Amino acid sequence: MGNRRFHLLVLLFSDQMPMINGNSDGCDTVVDIYPLSSYFFGSKPAAAAAFKDESLADRVLRLKSNYNAYGMRTCVEAVILVELFKHPHLLLLQSKNCIYRLPGGRLRPGESDVNGLKRKLSSKLSADDDNYRTDWEVSECIGTWWKFDFETLPYPYLPSSGKTPKECTKLYLVKLPLNRDFIVPKNFKLLAVPMCQLHENCKTYGSIIAGIPQLLSRFSINMVFVSKHKLD
Amino acid sequence: MVNSSVVNTYPLSNYSFGTKEPKMEKDTSVADRLARMKLNYMKEGMRTSVEAILLVQEHNHPHILLLQIGNTFCKLPGGRLKPGENEVEGLKRKLSSKLAANSPNMQPNWQIGECVAVWWRPNFETIMYPYCPPHISKPKECKKLYVVHLSEREYFAVPKNLKLLAVPLFELYDNVQRYGPVISTIPQQLSRFQFNMISS
């Protein structure tokens, strides 16, 4: 009988969007992205929700007390891209109440951005027994948003009053290899949303996520095509 | 080229502004502009344009220098590259043409920084996108925005028919109505930089 075995023959057909790096910066602005189909998506049990029935008022109190103890709250979030229909797609988590989020979360006091983001990515996107075997490649910070007060709208600049903002969210580009297993808690869906759908769509996705296509515009996104070859 | 995530911004009062001969727009209407773009495309292929984000500070908040034509329309200093022209050199040429005095010994030392945004025009229409839309293999224009690091002091000569404004980031943010999609999204594109606001 024998098992059907599938081998992935990597034929690198590189379909680059029109060349933009003609003669300018020497920075590493080329990002290779791979087809959605080259990734595996599975699920794991939902983690116990820490503050499930907290009211908004209670949440603000909790944030205030954390601020008094530790200072400004910093969140780090990952911008992860895949290719589908020859267009870059962003990986987004959607919770049961339909809110879209980037994978990421709050840093612990004293934790570095990169370590914190790797910890959050493992927690949200890897199997529980992965034990940091999955090495997330955290690239550059592409944008920063600040909340001037607790639970207010975020802005892409610091308050000019000179007062310390209460929260800072930093977006990091995270580069994927050709293959990866994504294991997501059952209470979330992992979606691949095309850039053209995010663009200017603050109503559905909020200003931070809807603004990501502009933050990525300076990169040369190289869509790598992969051919699957079946062996019997 | 300056590759730095720190941008020194000096007070607006450090800079002095004079005038020079008018620089009229080549086209009198949007329709004319698109028609001329089409002609150039037939001759030279995709247009590449470069624009400069010049930053100063006022009241501890970054401001961008914009050129105002007439009563309302604002644009960034910059323009179309000649075929084969280097982007950095082309941007310096455009900056001098729009903002430098004509005298050769009063040329600002333009320090071109990083590219912060790229916009694509898929058709001969006004709409542009921050990515090349799917199924578009022949975009008509590619526009690149660069941060320009200004020296501590500078003299600018502004064409008589234009006004040079310093507009705070908070005024641009989310203000597509007034400034259009390219300029109103600059605050997000600058948010990864650290502004070092230097006072007089």
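Letters go in sequence order (proteins before strands), and every chain restarts at 1. Please read these numbers as outputs of a predicted model, since none were measured by experiment. Excluded from the calculations below are hydrogen atoms, water molecules and symmetry mates; all remaining heavy atoms, backbone and side chain alike, are included.
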**Message:** Please classify the contact between A/Leu158 and chain B as side chain, backbone, both or neither, with a heavy-atom cut-off of under 4.5 Å.
**Reply:** backbone

**Complete:** Among B/Tyr129, B/Tyr173, B/Phe195, the residue with the most heavy-atom pairs under 4.5 Å to chain A is B/Tyr173

**Check ion pair B/Lys75-B/Glu25 (N to O, under 4.0 angstrom)** = yes

**Item:** B/Tyr146 side chain to B/Glu87 side chain, donor-acceptor N/O pair below 3.5 angstrom
**Value:** yes

**Asked** Distance-only, no hydrogens or angles: does the B/Arg33 side chain make a donor-acceptor pair with backbone N or O of B/Met37 under 3.5 Å?
**Response** no

**Asked** Relative to chain B, which segment of A/Ser161 carries a heavy atom at a distance below 4.5 Å: side chain, backbone, both, or neither?
**Response** neither

**Asked** Which one of B/Leu169, B/Leu190, B/Thr185, B/Val176 has the most heavy-atom pairs closer than 4.5 Å to chain A?
**Response** B/Thr185

**Residues A/Arg106 and A/Glu167 bridged, charged N to O under 4.0 Å** = no

**Complete:** Most contact-rich option vs chain B, by heavy-atom pairs under 4.5 angstrom, among A/Cys196, A/Ser207, A/Pro156, is A/Pro156

**Asked** Okay, side chain of A/His199, backbone of A/Gly211: is any donor-acceptor separation there less than 3.5 Å?
**Response** no

**Request:** Check whether B/Phe193 gets within reach of chain A through its side chain, its backbone, both or neither, counting any heavy atom under 4.5 Å.
**Result:** neither

